[in-house]
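Remarks on the structure that follows.
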Amino acid sequence: MGINMRVLITGSSGNIGSVIATHLANQYEVLGLDIVPGEFTTHVGDISDSILLDNLVANVDVVFHCAAFHAPHVGEVGDEKFWQVNVESTQLLLEKSLKYKIKRFIYTSTTSVYGCTQRTKNSAVWVDEQLTPSVEDIYDETKLAAEKACFDVSLAGLDVIVLRMSRCFPEADHLQVFYRLYRGVAAQDVACAHALAMQCKLEGFHIFNISGQTPFVKKDCQRLLHDPWAVIKNYFPNAQEMFKRNGWPLPTSIDRVYSIEKAVKILNYRPIENFIDILKVKSS
């Protein structure tokens with residue numbers, strides 16, 4: 001896809017949408033839609049506004065759909081509102097994208113749809129795109145329903161890429177660092193993944209996990225659940241001592257590992273801010 005393209009980013013004032021917009025604005029003309037103002041939000045409005053979407057989608061080449069209610073909103077926002085924003089507005093945006101024959105629709109989803117928290121396990125779960133989703137709450141339910149809407153529209157000829165991103169929000173340093181081993185990702189790496197999803201030559205419908213680069217392999221999963229540091233020291237001999245020097249607690253279990261092998265192979269995704277990188281930064 002050419003550099004003289006115009007892209008629409010929904011949720012452009014949000015934590016992820018704004019980083020994606022910043023990343024893409026160096027190369028492309030960015031239109032941003034959000035209900036609140038932001039640096040790259042050129043249009044303040046609701047994604048359920050059909051006329052507004054007509055005006056925006058008709059004038060862009062690619063749509064990045066990030067706007068949604070998220071996990072922290074569960075219990076604070078009613079299920080009906082979750083469904084309206086996360087599913088019905090996605091369906092409307094997909095219809096507009098098909099109508100105006102945009103080149104690609106990129107949907108920001110979540111690894112939460114796999115439902116790893118409530119899975120019965122005797123080892124850590126190896127989570128690749130072949131793992132059947134298992135929703136746990138209204139957030140998961142609506143994100144998975146939106147993915148299904150993406151698939152349905154792809155059958156009518158719209159190229160769609162779904163990016164299931166892992167944990168990426170501010171939290172305690174020791175958790176942010178530890179999660180980067182197996183279930184966390186930096187916002188900048190998420191933005192890079194979105195750019196790669198736009199630039200690749202794929203057609204049809206595709207799903208990719210987007211997370212940090214785990215050092216682990218499948219054979220590690222059995223031991224990771226009950227004795228993670230015995231495994232971690234094989235890859236990072238000094239990591240446990242660095243945790244102790246920082247006064248950080250040592251988590252006692254790893255219950256899942258998000259695999260990004262597919263995104264690495266097909267999108268050429270190469271996350272930069274991985275475990276040892278963020279550990280060194282937080283320890284300095």
Side-chain angles (χ1 to χ4, degrees), residues 16 65-66 68-74 79 82-83 85-88 90-91 94 105-156 158-168 179-185 190 193-194 196-197 200 202-226 228 231 253-267 269 271:
I16 293 300
H65 184 33
C66 306
F69 283 123
H70 300 287
H73 297 114
V74 175
D79 288 4
F82 251 98
W83 196 266
V85 170
N86 288 11
V87 183
E88 293 175 6
T90 300
Q91 291 171 328
L94 284 163
F105 187 99
I106 299 166
Y107 178 61
T108 309
S109 190
T110 172
T111 51
S112 184
V113 299
Y114 293 114
C116 292
T117 301
Q118 295 179 11
R119 287 180 182 269
T120 301
K121 32 183 133 36
N122 53 21
S123 70
V125 180
W126 186 261
V127 185
D128 60 20
E129 294 83 356
Q130 300 303 309
L131 183 67
T132 301
S134 178
V135 299
E136 297 180 359
D137 54 32
I138 189 63
Y139 173 57
D140 302 344
E141 181 182 344
T142 54
K143 295 300 277 188
L144 195 60
E147 288 187 13
K148 175 62 165 55
C150 289
F151 173 75
D152 290 343
V153 172
S154 75
L155 298 178
L158 180 64
D159 288 344
V160 180
I161 293 179
V162 172
L163 300 180
R164 289 175 175 167
M165 58 172 283
S166 66
R167 196 179 185 98
C168 181
Y179 287 152
R180 204 63 61 85
L181 279 166
Y182 67 104
R183 62 174 296 195
V185 67
V190 173
H194 281 71
L196 291 168
C200 70
L202 295 175
E203 296 180 353
F205 178 81
H206 301 271
I207 292 176
F208 296 95
N209 289 345
I210 300 300
S211 191
Q213 178 66 65
T214 182
F216 306 130
V217 295
K218 283 185 180 180
K219 68 180 181 180
D220 293 326
C221 287
Q222 187 77 35
R223 202 169 185 188
L224 283 172
L225 187 65
H226 302 294
V231 181
S253 180
I254 287 177
D255 67 345
R256 74 199 74 174
V257 178
Y258 291 138
S259 170
I260 60 170
E261 292 174 6
K262 182 180 177 183
V264 168
K265 181 179 180 180
I266 298 176
L267 296 181
Y269 170 61

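Each residue takes its place number in the sequence, starting with 1.
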- Task: Working to the nearest 0.5 Å, report the span between CD of Glu129 and CD1 of Ile260.
- Result: 10.0 Å

- Message: With rounding to the nearest 0.5 angstrom, report the OG1 to CG distance, Thr110 to Leu144.
- Response: 10.5 Å

- All pairs passing side chain to side chain donor-acceptor pair (under 3.5 Å) where residues 202-218 contributes a residue, at least two apart: Tyr114-Asn209, Ser166-Ser211

Counting C-beta onward and ignoring hydrogens, is there a side-chain heavy-atom pair between [X] and [Y] closer than 4.5 Å?
{"X": "Thr111", "Y": "Val127", "result": "no"}
{"X": "Leu131", "Y": "Arg119", "result": "yes"}
{"X": "Thr108", "Y": "Ile210", "result": "no"}

- Start with the C-alpha distance between Tyr269 and Lys262, add both sets of side-chain angles, then the distance that settles side-chain contact (heavy atoms from CB on, under 4.5 Å), and finish with yes or no. CA-CA 9 Å; Tyr269 170 61; Lys262 182 180 177 183; over 6 Å; no

Okay, side chain of [X], backbone of [Y]: is any donor-acceptor separation there less than 3.5 Å?
{"X": "Asn86", "Y": "Lys143", "result": "no"}
{"X": "Lys219", "Y": "Val217", "result": "no"}
{"X": "Lys121", "Y": "Arg256", "result": "no"}
{"X": "Asp255", "Y": "Ala124", "result": "no"}
{"X": "Glu136", "Y": "Gln118", "result": "yes"}

- Item | Pairs satisfying ring-ring contact (aromatic ring centres under 6.0 Å, His included), at least one member in residues 124-150, at least two apart | none

- Once the angle between the rings of Phe205 and Phe151 is folded into 0 to 90°, is it parallel (under 30°), tilted (30 to 60°) or perpendicular (over 60°)? perpendicular

- Query: Can you say whether the rings of Tyr182 and Tyr179 are parallel (under 30°), tilted (30 to 60°) or perpendicular (over 60°)?
  - Reply: perpendicular

Minimal non-hydrogen separation, [X] against [Y], with atom names:
{"X": "Cys200", "Y": "Ile161", "value": "SG-CD1, 3.6 Å"}
{"X": "Met165", "Y": "Cys168", "value": "CE-CB, 3.5 Å"}
{"X": "His65", "Y": "Phe105", "value": "CB-CZ, 3.7 Å"}
{"X": "Ala145", "Y": "Val87", "value": "CB-CG2, 3.9 Å"}
{"X": "Leu94", "Y": "Cys150", "value": "CD1-N, 3.6 Å"}
{"X": "Leu225", "Y": "Ser253", "value": "O-OG, 2.5 Å"}

- How far apart are the C-alpha atoms of Val85 and Thr142, what are their side-chain angles, what is the distance that settles it, and do they pass the side-chain contact (heavy atoms from CB on, under 4.5 Å) test? CA-CA 9 Å; Val85 170; Thr142 54; over 6 Å; no

- Taking only residues two or more places apart in sequence or in another chain, which ones pass salt bridge (charged side-chain N to carboxylate O under 4.0 Å, His left out) with Arg180? none

- Per the side-chain contact (heavy atoms from CB on, under 4.5 Å) rule, which among Asp128, Leu224, Leu181 passes with Val257? Leu224

- side-chain contact (heavy atoms from CB on, under 4.5 Å) with Phe208: which of Val162, Leu163, Leu196, Val264? Leu163

- Query: Do Phe216 and Ile254 pass the side-chain contact (heavy atoms from CB on, under 4.5 Å) test, and can you show the C-alpha distance, the side-chain angles, and the key distance before you say yes or no?
  - Reply: CA-CA 11 Å; Phe216 306 130; Ile254 287 177; 3.9 Å; yes

- Scan Asp140, Asp137, Thr117 and name whichever one has a side-chain hydrogen bond (donor to acceptor under 3.5 Å, both in side chains) with Ser112. Asp140

